[in-house]
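These notes are about the structure you will find just below.
Residues: numbered from 1 along the sequence shown.
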Amino acid sequence: PRESQPGSSGETSWVERSIKYLADGKELPIRTVGKYVVGQQTTRSKATIISGTKLAKEIHKEVQKDVESWLTLGNKRPHLSVILVGDNPASHTYVKNKIKAATIVGITSEVIQRPSSISQEDLLDILSKLNNDSSVSGLLVQLPLPDHINERAICNAVAPEKDVDGFHIVNIGRLCLDQYSIIPATAGAVWEIIKRTGIETFGKNVVVAGRSKNVGMPISMLLHTDGTHERPGGDATVTITHRYTPKELLKFHTQLADIVIVAAGIPKLITADMIKEGAAVIDVGINYVEDPATGKTMLTGDVDFEEVKKKADFITPVPGGVGPVTVAMLLKNTLMTAKKLVF
C-alpha cells in the first residue's frame with residue numbers, strides 16, 4: 001500500500017508480528033488502534049468493539065469548536081430546519097436525537113410537524129419557503145414519508161445548497177463523480193468510523209450488503225473510488241449484494257471480505273460462519289424485534305453480534321455504533337451548508 005494510506009508506513013503489521021510471536025512461543029502483543037474503541041484484544045476470540053457513542057462525542061466537540069470560530073468571524077449561527085411528517089415512532093426518536101445534538105454543538109434548530117395526510121403539493125410549498133429563507137442554513141425531510149408522497153420528488157425539492165442529508169440528485173451526482181459534496185450522513189458515518197479507527201481500505205475486499213440509494217450506494221461510492229481525487233475514496237474493491245443475492249452467494253462474498261458493511265434491514269443476516277477471521281464488520285442495520293426473554297421490543301442490527309464478535313477483528317454494536325456517528329455527521333453537514341463550502 002502507498003505511504004499516504006493509514007497503516008501503510010512500511011512497519012511490520014500486527015498480524016506478521018503475531019505470527020512471529022506465536023512461532024517463538026510468546027504471547028500475542030496487545031494492539032492499540034485509534035482512541036474510539038472499548039478495550040483491546042489479546043487473542044482472536046473477541047473483536048475490538050468500536051464505540052460510535054465515543055466517536056460521536058469527539059465529532060461534537062470538533063463541530064462545536066468550528067461553530068464558535070464561525071460566530072467569532074461575525075457570521076450567523078447555523079440553523080437546521082427539520083420537517084417531520086406523520087407519527088412514525090422511530091422517526092420521532094431520530095428527530096429528537098438530531099435536535100438534541102444540534103443544541104449541544106451550538107446549532108439552532110426547529111421541527112416542523114405535519115400530519116401523514118399532508119399532500120405532496122403542501123409539503124413542496126413548505127420546502128419552497130424554507131429554501132428561500134436566508135435564516136435557514138440546512139434543511140431535511142425525515143424519511144420515510146407516507147406512501148402517497150414521492151420521496152425522490154421531495155428530496156430533489158430541497159435546495160442542494162441546504163441539503164444536509166445529501167439526497168438531492170446534484171449532491172448524489174457530485175458524490176459519484178468524486179467531487180467535493182455533501183455526503184449522506186449514514187454513509188459519511190461509516191466512512192468516518194473506518195478512517196478514525198484506522199481500518200485499512202486500500203486494496204482491500206469490501207462487501208456492502210444493501211443497495212439503497214441513501215445508504216448502500218453512497219457507502220460503496222466512498223469506498224471504491226480513487227483516494228487521490230477531489231473527494232478522496234478508499235481504493236477498495238467493493239462488491240454490492242442485495243435482496244436477490246442468493247444466501248450462499250452472499251456467504252461466498254462475505255467470507256472473502258476484509259470489511260463487511262451491512263445495511264439490509266434483516267436481523268442476524270450476517271452470522272459468524274459468513275465472516276473470515278480478522279474481518280471488520282460495520283452494522284448499519286436498525287431493526288425492532290421482540291426480546292424472547294422479556295417480550296419487550298428491542299433494537300438490534302443486521303449482524304449476529306454476540307457470535308460474530310468472537311471471530312471479527314472490529315465490530316460496531318447496535319445501538320451505540322453507526323447511529324450516533326450518523327447524527328454527528330449530519331451536524332458537520334449543517335455547518336458545511338452554513339459556510340457554503342460546496343455551493
- [ ] List the steps, then state whether side chain to side chain donor-acceptor pair (under 3.5 Å) holds for Ser135 with Asp133.
- [x] CA-CA 5 Å; Ser135 68; Asp133 187 343; 2.7 Å; yes

Open item on the list: One pair to check against side chain to side chain donor-acceptor pair (under 3.5 Å): Ser128 and Asp125. What are the steps and the verdict?
Closed with: CA-CA 5 Å; Ser128 178; Asp125 285 342; over 6 Å; no

Task: Derivation and outcome, side chain to side chain contact (heavy atoms under 4.5 Å, CB included), residues Ile315 and Val303 - done: CA-CA 9 Å; Ile315 191 169; Val303 175; 4.2 Å; yes

Any side-chain heavy atom of [X] sitting closer than 4.5 Å to one from [Y]?
X: Val342; Y: Glu161; value: no
X: Arg77; Y: Val67; value: yes
X: Thr241; Y: Val208; value: no
X: Ile118; Y: Ile149; value: yes
X: Lys98; Y: Leu330; value: yes
X: Asn171; Y: Phe343; value: yes
X: Thr108; Y: Leu80; value: no
X: Asp163; Y: Leu139; value: no

In Å, rounded to the nearest 0.5 Å, how long is the span from [atom1] of [X] to [atom2] of [Y]?
X: Ile199; Y: Trp191; atom1: CD1; atom2: CH2; result: 11.0 Å
X: Lys61; Y: Glu58; atom1: NZ; atom2: CD; result: 6.0 Å
X: Asn88; Y: Leu143; atom1: CG; atom2: CG; result: 11.0 Å

For [X], is the [atom1] atom crowded, meaning more than 12 foreign heavy atoms sit under 6.0 Å from it?
X: Arg243; atom1: CZ; value: no
X: Asp291; atom1: CG; value: yes
X: Leu71; atom1: CG; value: yes
X: Asn132; atom1: CG; value: yes
X: Lys129; atom1: NZ; value: no

Can a donor-acceptor pair be found, under 3.5 Å and without considering hydrogens, that links the side chain of [X] to the backbone of [Y]?
X: Thr254; Y: Met274; value: yes
X: Asp226; Y: Thr228; value: yes
X: Gln179; Y: Glu230; value: no
X: Arg174; Y: Ser181; value: no

Any idea which heavy atoms bring [X] and [Y] closest together, and the distance?
X: Thr300; Y: Val318; answer: C-CG1, 3.6 Å
X: Ala257; Y: Val207; answer: CB-CG2, 3.8 Å
X: Ser119; Y: His148; answer: CA-NE2, 4.4 Å
X: Gly52; Y: Val325; answer: O-CG2, 3.5 Å
X: Asn333; Y: Ala185; answer: ND2-N, 4.3 Å
X: Leu299; Y: Pro319; answer: CD2-CB, 3.7 Å

Same apolar cluster (I L V M F W Y, side chains within < 4.5 Å links), [X]/[Y]:
X: Leu222; Y: Met336; value: no
X: Ile50; Y: Val215; value: yes
X: Met298; Y: Tyr288; value: no
X: Ile59; Y: Leu140; value: yes
X: Ile219; Y: Ile286; value: no

Task: Pair Asn214, Ser212: side-chain N/O donor-acceptor within cut-off below 3.5 Å - done: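 Not at all, the side chains of Asn214 and Ser212 share no donor-acceptor pair under 3.5 Å.
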
Open item on the list: Is it the case that the side chains of Arg231 and Thr225 hold a donor-acceptor pair, with the cut-off being a distance below 3.5 Å and no angle test?
Closed with: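 Indeed, the side chains of Thr225 and Arg231 share at least one donor-acceptor pair under 3.5 Å.
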
Task: Residue from Leu84, Val111, Asn97 passing side chain to side chain contact (heavy atoms under 4.5 Å, CB included) with His92 - done: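 Of the listed options, the one satisfying the test is Leu84.
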
- [ ] Quick one: do Ile104 and Gln64 satisfy side chain to side chain contact (heavy atoms under 4.5 Å, CB included)? Show the steps, please.
- [x] CA-CA 8 Å; Ile104 291 173; Gln64 183 180 32; 5.6 Å; no

Task: Worked check of salt bridge (charged side-chain N to carboxylate O under 4.0 Å, His left out) between Asp258 and Lys276 - done: CA-CA 8 Å; Asp258 302 295; Lys276 75 175 184 179; 2.8 Å; yes

State plainly whether the residues [X] and [Y] are in salt-bridge range, i.e. N to O under 4.0 Å.
X: Glu306; Y: Lys311; answer: no
X: Lys332; Y: Asp66; answer: no
X: Lys268; Y: Asp302; answer: no

- [ ] Given side chain to side chain contact (heavy atoms under 4.5 Å, CB included), test Thr201 with Leu223 step by step and report yes or no.
- [x] CA-CA 7 Å; Thr201 61; Leu223 285 167; 4.0 Å; yes

Task: Worked check of side chain to side chain contact (heavy atoms under 4.5 Å, CB included) between Tyr244 and Arg211 - done: CA-CA 11 Å; Tyr244 298 118; Arg211 60 180 177 183; 3.7 Å; yes

- [ ] Going by the salt bridge (Lys or Arg N to Asp or Glu O under 4.0 Å) test, name the single residue among Lys310, Lys251, Lys247 that passes it with Asp273.
- [x]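 Only one of Lys310, Lys251, Lys247 forms a salt bridge (Lys or Arg N to Asp or Glu O under 4.0 Å) with Asp273, namely Lys251.
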
